[in-house]
Amino acid sequence: MSTNNLTWESAITELSRSKKPAQSVLKIQDAGIQTIKDLIWILPLRVKVMPKITSFDQIQIDELFLGHCKVINVGFTPAFGRRGKSKVQLFNATVVVKDMLSDKYLNLKWFNTYPSLKKQLESLKDFVFMGEVQDYRGTMQVVNPKINPIIKGSENYIIEYPTINTVAGRYTKSLIEKIPNYLWDTPLELYPKEIQEELALSPLNESFKTLHGLGSSIEPNIVEAANNRIIYDEFLFDQLKVTARKIKNSKLYGVMIPSKTEYIQDVKSYFPYDLTSDQNKSLDDIIQDFTSGHPMMRMLQGDVGCGKTTVAIIAAMIVIKNGAQVAFMCPTEALALQHAETISSILGDKVKSTLLLGSTKPKEKKKIYSDLEEGKIELLIGTHSLFQDSVNFNKLQLAIIDEQHKFGVEQRQKLVAKGEGAHSLIMTATPIPRTLQLAQFGDLDISTIRTIPSNRKGIQTRIVKENTYEKYLSFIKTRISLKEQVYVVVPAISESETLDLKNVDTHLVTYKNYFPGLKIEALHGQLKSDEKKIILERFSNGDVDILISTSVIEVGINVLNATVMAIYGPERFGLSSLHQLRGRVGRGEKPGFCFLIADKNLSPEGMNRLKVIEKNTDGFIIADADLQNRGEGDLFGVNQSGTVTSRRLSSIVQHIDIFEDVSKKVQEISQTKPELLNPIIDQLIQDTKVSSTI
């Protein structure tokens with residue numbers, strides 16, 4: 001195929017003009033860049049106006065500079081401990097140069113460079129260099145400048161692209177430069193021309209030309225307008241995909257579960273307390289979903305201790321009273337055990353429930369699998385074991401997933417798929433960024449429990465710095481003297497359980513020195529399940545004053561007498577995890593206290609992040625902060641968070657005004673001119689990635 005026949009969908013290999021794609025092309029394709037249209041989405045890191053050779057008198061700090069100089073002195077020193085390819089010794093270089101247009105001098109520096117640079121510099125009497133000028137202790141310098149850069153007469157801009165899958169940006173630049181001019185003028189819109197006209201949008205390809213430095217200007221206002229045009233298009237396409245998904249899901253079969261009043265009242269009577277207004281409202285939402293004829297996809301959100309589990313148990317019992325089965329999946333064995341104990345204490349023999357864990361013995365598992373298929377088990381509680389291929393239900397109609405941010409999208413889907421038309425109820429104290437997105441896009445039903453039981457005294461959170469550490473230790477001593485208990489959580493140093501054990505053991509020794517005579521024990525990943533259970537039972541029974549642990553206690557631990565949570569290195573935890581850990585205390589009638597023991601070298605940005613936890617107990621506020629810190633995840637894929645999304649420039653947080661405008665316009669067109677949207681929505685419905693992700 002010649003370049004004259006290239007289309008936006010054409011393969012990248014066509015641009016390389018090679019029968020056998022070069023290794024760099026293959027690496028770019030492995031990164032998901034399969035077509036020329038994908039290639040233009042690799043936007044430059046920066047586009048700068050090409051400078052002209054200027055006198056050193058005209059230097060501006062932090063600005064790109066092009067100068068002509070002669071070499072005065074070349075100094076090379078070994079970069080000790082630094083070696084390059086083939087273990088070649090690397091060097092640091094300092095070259096003093098004099099301006100060819102004035103009497104000014106300048107330092108040029110290179111770090112971790114190869115010996116070949118020394119030979120190159122020593123062979124030059126004068127040369128042209130280009131780089132950004134820095135002020136280092138009152139002396140101007142340029143670090144890692146380009147020597148004799150190739151400057152084409154027709155080039156107006158310097159364009160730098162990011163490294164893609166170890167392929168240098170200059171190679172990507174060379175590929176993009178091979179895209180023929182006629183293709184840059186080809187429309188890029190993913191929707192009919194009529195929609196573009198209805199929204200009065202400028203051509204998308206013009207915006208891409210601007211961002212790639214191919215437009216008439218790179219003035220800040222022109223670049224911002226180009227960015228906003230692409231951001232608008234990204235939000236628009238996502239809105240159309242959400243619309244398509246909602247239409248398809250509305251046609252899916254969902255099992256009808258009658259919710260008789262006597263069933264509901266009977267189950268409510270099992271609890272030794274009345275439900276709060278928020279709990280009753282959430283239950284009404286679920287009951288309505290049960291009778292809609294479509295699969296329920298509802299998130300039950302509320303802070304730790306607000307009563308989400310109560311609502312989930314009532315929903316489960318409604319399903320069970322209708323002769324069907326329920327799966328209750330938890331991220332940890334500790335949480336699964338806690339739920340099993342809670343359900344047993346409330347329901348007793350009113351339900352046939354079983355616990356399935358990774359540590360369950362093979363013989364017991366075999367019996368559970370058999371009873372489950374025969375319908376002898378009504379409620380199956382467990383961990384990741386529940387969605388394994390060996391687990392088959394007789395009549396699964398409801399999947400309850402606790403701490404949903406601990407599971408991947410595919411794992412949740414796999415469990416729900418074990419029942420035809422089964423409903424899903426997912427619970428969380430802090431919505432993950434992706435879930436918050438789905439809520440903002442109106443694609444997930446949410447029931448929120450904000451009312452905390454009246455007997456709760458709440459939790460106070462404080463950041464502990466070096467100057468307040470002694471006060472923190474004194475406070476612990478006081479609370480223990482009141483017969484209360486303390487959690488001390490240390491961060492996981494790495495993926496190595498051995499190193500994590502060392503971290504726990506170090507703090508164990510430290511605390512035993514701080515508090516001689518107190519009963520202090522440690523909990524870590526290298527302990528066997530039975531050993532962990534014994535330690536947790538001892539702590540629960542009040543036989544341990546201070547429990548030092550990694551974040552394995554984040555969920556599933558319910559010790560009412562534990563009132564203090566101390567978290568070391570909180571900057572290493574996500575905000576959601578900090579919120580969950582804090583929720584281990586203040587669960588009874590005694591107030592809870594959480595201490596975030598920050599590193600003394602914590603940056604101002606890191607400190608501000610911790611202040612979000614210190615000042616807020618609302619899960620949605622914390623999730624919103626998490627959204628800004630961690631990235632948004634993929635609306636139409638399986639990424640829970642991070643920067644790899646189906647959108648490249650747009651952010652629901654940073655560009656909320658554009659998002660709201662797009663949402664409003666799509667709604668208007670849907671109501672007044674639906675025929676404009678129908679063709680593309682019908683096409684999107686056929687895309688399983690768009691329509692099946694939950």
Side-chain angles (χ1 to χ4, degrees), residues 187-204 207 224-252 254 281 285 288-289 292-299 301 431 433-448 620 623-624 627-628 632-637 645-694:
L188 272 166
E189 280 70 25
L190 297 168
Y191 37 81
K193 183 179 179 182
E194 292 78 10
I195 296 178
Q196 184 180 350
E197 293 175 349
E198 183 71 21
L199 297 173
L201 296 175
S202 61
L204 190 62
S207 295
E224 182 181 8
N227 268 293
N228 288 345
R229 173 64 185 88
I230 295 175
I231 288 167
Y232 195 101
D233 197 79
E234 288 186 308
F235 279 138
L236 175 58
F237 197 50
D238 268 357
Q239 283 290 324
L240 295 176
K241 288 189 283 187
V242 166
T243 302
R245 180 158 65 193
K246 293 176 77 172
I247 290 174
K248 182 170 182 178
N249 288 348
S250 69
K251 297 176 182 179
L252 294 176
K281 175 61 172 64
D285 293 339
Q288 187 174 351
D289 291 340
S292 68
H294 308 299
M296 174 177 72
M297 173 48 66
R298 181 167 294 278
M299 182 176 76
Q301 192 271 346
R434 182 178 179 279
T435 301
L436 184 59
Q437 267 197 292
L438 291 173
Q440 288 172 314
F441 276 88
D443 197 58
L444 180 66
D445 295 318
I446 293 182
S447 294
T448 302
F620 272 111
D624 188 60
L627 175 62
Q628 297 181 54
E632 303 170 3
D634 191 352
L635 259 178
F636 301 95
T645 78
S646 55
R647 292 185 269 109
R648 316 295 178 88
L649 295 180
S650 56
S651 163
I652 193 72
V653 175
Q654 298 176 22
H655 309 117
I656 188 65
D657 54 335
I658 300 177
F659 165 73
E660 289 178 345
D661 183 50
V662 171
S663 298
K664 180 181 177 182
K665 293 290 178 58
V666 169
Q667 189 174 9
E668 288 176 357
I669 297 176
S670 297
Q671 293 174 351
T672 60
K673 298 181 180 179
E675 67 279 2
L676 294 181
L677 301 180
N678 289 341
I680 190 168
I681 287 176
D682 290 341
Q683 182 180 357
L684 289 170
I685 286 176
Q686 306 306 314
D687 186 342
T688 56
K689 186 179 180 183
V690 169
S691 61
S692 65
T693 304
I694 57 174

Applied to residues 656-667, the salt bridge (charged side-chain N to carboxylate O under 4.0 Å, His left out) test, sequence neighbours excluded, yields D661-K665
Please say whether more than 12 non-hydrogen atoms of neighbouring residues, nucleotides or ligands are located less than 6.0 Å from CD in Q683.
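Count not over threshold, so no.
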With rounding to the nearest 0.5 Å, note down the distance linking [atom1] in [X] to [atom2] in [Y].
| X | Y | atom1 | atom2 | result |
| --- | --- | --- | --- | --- |
| L677 | L240 | CG | CG | 6.0 Å |
| L236 | L204 | CG | CG | 10.5 Å |
| K281 | S447 | NZ | OG | 6.0 Å |
| S670 | I681 | OG | CD1 | 6.0 Å |
| D238 | D233 | CG | CG | 10.0 Å |
| D285 | I446 | CG | CD1 | 11.0 Å |

Any side-chain heavy atom of [X] within less than 4.5 Å of one from [Y]?
| X | Y | value |
| --- | --- | --- |
| Q196 | E194 | no |
| Y232 | H655 | no |
| L684 | T243 | no |

Can a donor-acceptor pair be found, under 3.5 Å and without considering hydrogens, that links the side chain of H294 to the backbone of L252?
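Yes; at least one donor-acceptor contact below 3.5 Å.
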Taking all non-hydrogen atoms of both residues into account, name the closest pair between R298 and D289 and its distance.
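Minimum heavy-atom separation between R298 and D289: NE-OD2, 2.6 Å.
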R229 with E189: basic N within carboxylate O range, under 4.0 Å
yes
